[in-house]
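Below: the structure, in structure tokens.
Computed from heavy atoms alone, side chains included, the values below leave out hydrogens, waters and symmetry copies. We're numbering straight along the sequence, starting at 1.
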Amino acid sequence: NEFGRVSRRLRFSDEEILDVIGKFYRLAEIVVPVDVRASSIDRNDLAVIGTAVAGRADVLVTGDKKLLALKRYQSIKIVSPRKFLEFLGH
């Protein structure tokens, strides 16, 4: 999965990965993506943005260069995993 691939590339240990996954599961909310129609967003990324909007996300963490170039969608900040970890103090 993408989370595992990215976390290993960032050199997280298996224990750190399992800890983060556990926190995600405890905090996660299942949502149905809203329909997003924006010509400035790649067609393949519309569901990602729609899910963030439906979940009332504050931040969207991604390595996708096209999404990162947006920097923001409505009130949702779009940041790289590295920037997000810096924000968390890691």
Same cluster or not: are Leu70 and Val34 linked, directly or through other Ile, Leu, Val, Met, Phe, Trp or Tyr residues, by side-chain heavy atoms under 4.5 angstrom apart?
yes

According to salt bridge (charged side-chain N to carboxylate O under 4.0 Å, His left out), who are the partners of Lys77, at least two apart in sequence or on a separate chain?
none

Does any part of the side chain of Leu67, heavy atoms only, come nearer than 4.5 Å to the side chain of Tyr73, both counted from C-beta?
no

For the CZ atom of Phe84 and the CD1 atom of Ile78, what is their distance to the nearest 0.5 Å?
14.0 Å

Looking only at heavy atoms, which two atoms of Pro33 and Ala54 are closest? And how far apart?
CA-CB, 4.1 Å

Just wondering, are more than 12 heavy atoms of other shown residues or ligands nearer than 6.0 Å to CZ in Arg37?
no

Clusters formed by hydrophobic residues whose side-chain heavy atoms approach within less than 4.5 Å: which one holds Leu27, and what are its other members?
none

Can you sort out the partners of Arg26 under salt bridge (charged side-chain N to carboxylate O under 4.0 Å, His left out), two or more places apart, ordered by chain and number?
none

Validation row: Ile49, Leu46 side chains within 4.5 angstrom (heavy atoms):
no

Could you state whether Phe87 and Ile76 fall into the same hydrophobic cluster, counting links through intermediate Ile, Leu, Val, Met, Phe, Trp or Tyr residues with side-chain heavy atoms under 4.5 angstrom apart?
no

Hydrophobic cluster membership, Leu68 vs Val53, 4.5 Å side-chain cutoff:
yes

Residue pairs passing the salt bridge (Lys or Arg N to Asp or Glu O under 4.0 Å) test where at least one lies in residues 41-54, sequence neighbours excluded
Asp42-Lys66

Which residue, Thr62, Val61, Leu85, forms the side-chain contact (heavy atoms from CB on, under 4.5 Å) with Val79?
Val61

With sequence neighbours left out, write down each residue that passes salt bridge (charged side-chain N to carboxylate O under 4.0 Å, His left out) with Lys65, or none if nothing qualifies.
none

Glu29: what forms a side-chain contact (heavy atoms from CB on, under 4.5 Å) with it, not counting sequence neighbours?
Val31, Arg56

